[in-house]
Structures are given as C-alpha cells and as structure tokens.
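First the structure, in the form of structure tokens, and then the observations on it.
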2 protein chains.
Amino acid sequence: MSAQNAAPSVGDGGAAALQQLAGRHATGYRSVGVMVYDILKDAILSGALLPGQKLRQETLAELIGVSRLPVRSALIQLEADGLVEFHERRGAVVKSLSPAQAAEVYDIRLLLEVEALRLTMAELTDERVARLRELGKAADRQQEGADFVDARTEFYSELYDAANRPVLWEMIEQLRLKVGRYVLGWRLVGDAEHSHTHEQLIEAVASRDVERAVGVLRDHLVGVREAVLELLEAEAADAGGPAPRVRSPR
Amino acid sequence: MSAQNAAPSVGDGGAAALQQLAGRHATGYRSVGVMVYDILKDAILSGALLPGQKLRQETLAELIGVSRLPVRSALIQLEADGLVEFHERRGAVVKSLSPAQAAEVYDIRLLLEVEALRLTMAELTDERVARLRELGKAADRQQEGADFVDARTEFYSELYDAANRPVLWEMIEQLRLKVGRYVLGWRLVGDAEHSHTHEQLIEAVASRDVERAVGVLRDHLVGVREAVLELLEAEAADAGGPAPRVRSPR
DNA sequence: GCACCCCATTCTGGATCCAGAATTCACGAA
DNA sequence: TTCGTGAATTCTGGATCCAGAATGGGGTGC
C-alpha cells in the first residue's frame, strides 16, 4: 500500500498496483525474466494495466526494481501471448480486444474445448474426479484479480489433462489468456448465476454423461461469450471515458 | 557463398547454411531483431537447424553478424512459436516434435481449418478465386526450403482471409508452423501425388461446392498427417544416428 | 583401474552504456 | 489566432561488459 494509492486512475498507469504485485512475486524465482513476465501478466489480467496503456520499459523496470532488459524479454513473451502489442520504434501497449476478436476466441474455444472434454471423458478416473471437486471448490473461493484466472486455469488444466493432449491444452490456454482480463470484468459486473457452472460440469462429468457435460460446457461458453461481448461493446461505447483509448497519453 | 560450404553436416551445426540465409535476409529490415527472427525461423523450417540442435547465442550472433541481444529476442519469440525450447540456464535447442504431438497438431488443424474453410466459402468472391489460382501456381513452383512453407502460407492466408477471422487464422498459422519443418521432410521423400491437392481444392472452392472442398481439405490433412507420422517414427527409430536427441538432463 | 571430486572454462542471464528515431514543445509567420 | 517548422527531450533498440551457474576435464583417492 503505497502512499499515492489514493487515485489508481488512468494517469497513474496502475503504478501502485504494479508495485504491490511486484512485492508479492518478489521471492524465490529462478530468473528475473520470468518473474517480470509473471508480474506483468498478472497486472494485465487483474486490470492493473488497462488495454491501450503505454508500457514504458524504463518505468516498468523502476517499479519492479530490475533493469530494462528482463522487462523487454517479458514484453516480447507477452506479445507472443497476445497480451501486448509492439509498435515499431514506438514501444509496447496493452493489447485491447475488439468485440469481433473476442467473439472469435469464444467460437474457437467452443470447438476446441468440446473436443477436449470428449477426449477427457473417455479417460476419466475416479481420483481425477475427486481432484476436480477440490479444485472446483478452490476456484470458487478465489475472487480477486489474477488469482481468479489462475485458479480456474488449474481446474480446467486438471480436467483436460485426462485427455492427454498437451498441444490442444496449450491452444485452449492461449485463448483463455486472451480473454482473461475481460472475463474478470464480466465477473465483477455479472450476477452469480454462472457460479454453479463448475458444480454442474463436475456432476455431469462425474456421472460420465458426455452429452450433458458437453451441453453444460457449451452453455457456459456461450453465456460468457455474450456477457463479455456486452461488456466490450459498452466499453467501446464510452470511449474517452474511464477506458483509456490508444490515444495520446502523457 | 562461404568457403567452408563443403560439409553442412550436423557437426557444423548448419553454420554455412545459416550464413547463406543471413546474406539473403540482409537487406531492408526495420529492426535487427525481426531480421534475426526471420533468419532463424527460416533456418529451422528449411532444416538447416535440426531438432535437438543446441543454439548458442554467441555462435548465432557471430554467424549472422549482430550482437547477442537481438538473437535473444528472436529466440524468445521462437520459443513462443514453439520452434525452440529453453532449458533454464542451459540455453536453447531446436524443439523436436513427438509423433503424438504432430498427430495432435493435425487433429486440431482439421477442426480449425474445416471451420475456416466453411466460413470462407460463405464469403468468397470471384476476384479472390482468381488470386487463389495465381497463388496456388506460385506455391507449386516453390520447392526449396522455407520458401516452400512461405508460399503455401500465402495461399492459405488468402484462402482463409475471406472468412475474416484473424484469430482463427493466427491459430492455424501457429499450428502450421509447428509442423512446417517436418512437412518439408515429407515433401522431400514423398511422391508427387499430393501436388494436385491445390488444384482440386481450388476447383471445389471455385465451384462453390462446400462439402467437396471440405472433403478435399480433410483428405489432404489426413494424408499429410499419415506421411509426417511415418517420417517422425522413422526418425525416432534411428535415434543416436544423424538426428541428435534431446539428451537426458544432468 | 575405476570412480569421485574439484577446478577451470564456457555460456547464459543481467546491468549499464550508446546511438538513432519519434514525439513534443516552442517559436515564428501568415 | 492558428498552423507549420525546427530543435530539444525522451524513449526504444542495439552493443558491450560483468557476474553466476553449468559443464567438461583433470587429478586424486580408493
């Protein structure tokens, strides 16, 4: 909690929140580069760094307390993840997702996750179901920032891991990352009706009812898709408002 | 170009071929980093750098004629592309694909490309078909190294571009990249029977016959999948031979 | 003779320094 | 008053330098 935490506005660029994240990640890292990567990823997913935000290497380096080099490494990785965007000789900004792109992400996820779920359910064991119940409950407890995304990632990782399709999971994970920041926004404004999705999904899975499980997953994804699109279009509507556009900051 | 082009064996690490590639990419680049990225990508796709090959930054930097820093940037990007693999504090190696992973890639491509093709054919114009004929012919002319992959990438880019699904295309492109190096190997050993795939696909597309086009695409992907798997399993069989393995840690 | 341990070498990862390009601010002219 | 031009500042991208870890070789002990 730094002193100038009073106004986590656009102007401060999420500096205070970023320093907090830096503190939480400070310990036990093999290399500084991956630490910075994790910090920045969390910052974007948690909303501390908003889409369109300019990411000046010098500033980030100072806030985290490292040199510019690992920051550059992390930014390059994040670019590959689709979370930031490089403008040649003009620096990096947090990538924003258009409604159309978000829609695409969910369409593709539908294809891939249904496939993964079917494959998973052919290889499911009782122990895995038990672990899923645990992770599902743990995920429902996590409500803040990047932990929310991480917990759910763990859940789905365990679920789809039964399919033993690492490449498929990698693709799904990439797609989930792209919309991670917006799902968080959806959770904040959304009602709790979707919170039972995990339970429904787990029960369908546990009872080995493939079609029902696929149905729950499909409904869930379609529902989130709608909510995220609504959020994105609302955000696009009041451009110039609290949502910082790609326009000139400074 | 270089004098010691005599023995492009595994021992030389593709140094001569890499220097050639460096020469071809030398001109007109905005930044050194992306140049190095292109060079290394081409080197891996063309087979100048073989899976399992150690990628020492100093050596690569000297061969290309730049400092180690842009090499590092390029390697990080290539890691995100799934073409190289970092071993913490032990450097990078060209990533090798297991038969199972290759099979996965083709399974996912089948899902995504069929979807992309369907979407494309709903939005197809005559001009695009004409351009596809051109690109198809151009692709069939390219037979060497990374150009082979690039030309086909251009073709499929034009094809799926009609669908106007950038994220979907990005995913497909990623998957194609992962198997690019092996497809090349398949082409080298494979017969020419598949060379008519482009024509068949274009004709089906031109006649607006969705199901036939999907059928051609599906057959093509399944066929290539089989061939690549055969190649990979043969390669895995003579491990310890010319193909350097990933070596046990420690 | 073989195996284990220690030391030297090498290479990665990080920090600091430098050059080129872009943005911004200021000044002047229309 | 406003627009255009030019210079200064700032920031990215690249090069060089340094520290720490891993590997390989050599020596020694069993």
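Note that these values count all heavy atoms, side chains included, but never hydrogens, waters or copies made by symmetry. Proteins get letters first, then strands, A, B, ... in listed order; numbering begins at 1 in each.
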Inter-residue atom distance A:Leu83.CG - A:Leu45.CG, 0.5 Å rounding: 6.0 Å

Can you give each donor-acceptor pair under 3.5 Å made by side-chain atoms of residues 31-39 of chain B, sequence neighbours left out, with the distance rounded to 0.1 Å?
residue: B:Tyr37; atom: OH; partner: B:Asp81; partner atom: OD2; Å: 2.4
residue: B:Asp38; atom: OD2; partner: B:Tyr29; partner atom: OH; Å: 2.5

Donor-acceptor pair between A:Arg72 and B:Ser73 side chains, under 3.5 angstrom: no

Distance-only polar pair, side chains of B:Tyr160 and B:Glu113, donor-acceptor under 3.5 Å: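 Per modelled atom types, B:Tyr160 and B:Glu113 side chains form a pair under 3.5 Å.
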
Taking every non-hydrogen atom, the tightest pair across B:Leu75 and B:Ala92: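 Result for this residue pair: CD1-CB, 4.4 Å.
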
Listed partners of A:Glu104 passing side chain to side chain donor-acceptor pair (under 3.5 Å), at least two apart: none

Contact list for DNA chain D against residues 73-84 of chain B - heavy-atom distance below 4.0 Å: none

Check: [Y] main-chain N/O paired with [X] side-chain donor or acceptor under 3.5 Å:
| X | Y | answer |
| --- | --- | --- |
| A:Arg128 | A:Glu158 | yes |
| A:Glu233 | A:Glu230 | no |
| A:Glu62 | A:Thr59 | no |

Please list, pair by pair, any protein nitrogen or oxygen found under 3.5 Å from a nitrogen or oxygen in nucleotides 8-12 of chain C.
residue: C:dC11; atom: OP1; partner: B:Arg56; partner atom: NH1; Å: 2.2
residue: C:dT12; atom: OP1; partner: B:Gln57; partner atom: N; Å: 3.2
residue: C:dT12; atom: O2; partner: B:Arg89; partner atom: NH1; Å: 3.1

Test: B:Arg30 and A:Glu88 ion pair at under 4.0 Å: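 So B:Arg30 does not pair with A:Glu88 through a salt bridge.
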
If I take atom [atom1] in residue [X] and atom [atom2] in nucleotide [N], what distance separates them, rounded to the nearest angstrom?
| X | N | atom1 | atom2 | answer |
| --- | --- | --- | --- | --- |
| A:Met35 | C:dG13 | CE | C1' | 13 Å |
| A:Arg30 | C:dG14 | CZ | P | 11 Å |
| A:Arg72 | C:dA15 | CZ | C1' | 12 Å |
| B:Leu60 | C:dG13 | CG | P | 13 Å |

Listed once per pair and sorted, the side chain to side chain donor-acceptor pair (under 3.5 Å) pairs that draw on residues 165-174 of chain A, sequence neighbours left out: A:Glu170-B:Lys178, A:Gln174-B:Gln174

Sugar-phosphate, base or nothing in reach of A:Ser67, heavy atoms under 4.0 Å: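 Base, at least one base atom sits under 4.0 Å.
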
Angle of first-five versus last-five pair axes in the helix from C:dG1-D:dC30 to C:dA30-D:dT1, to 10 degrees: 10°

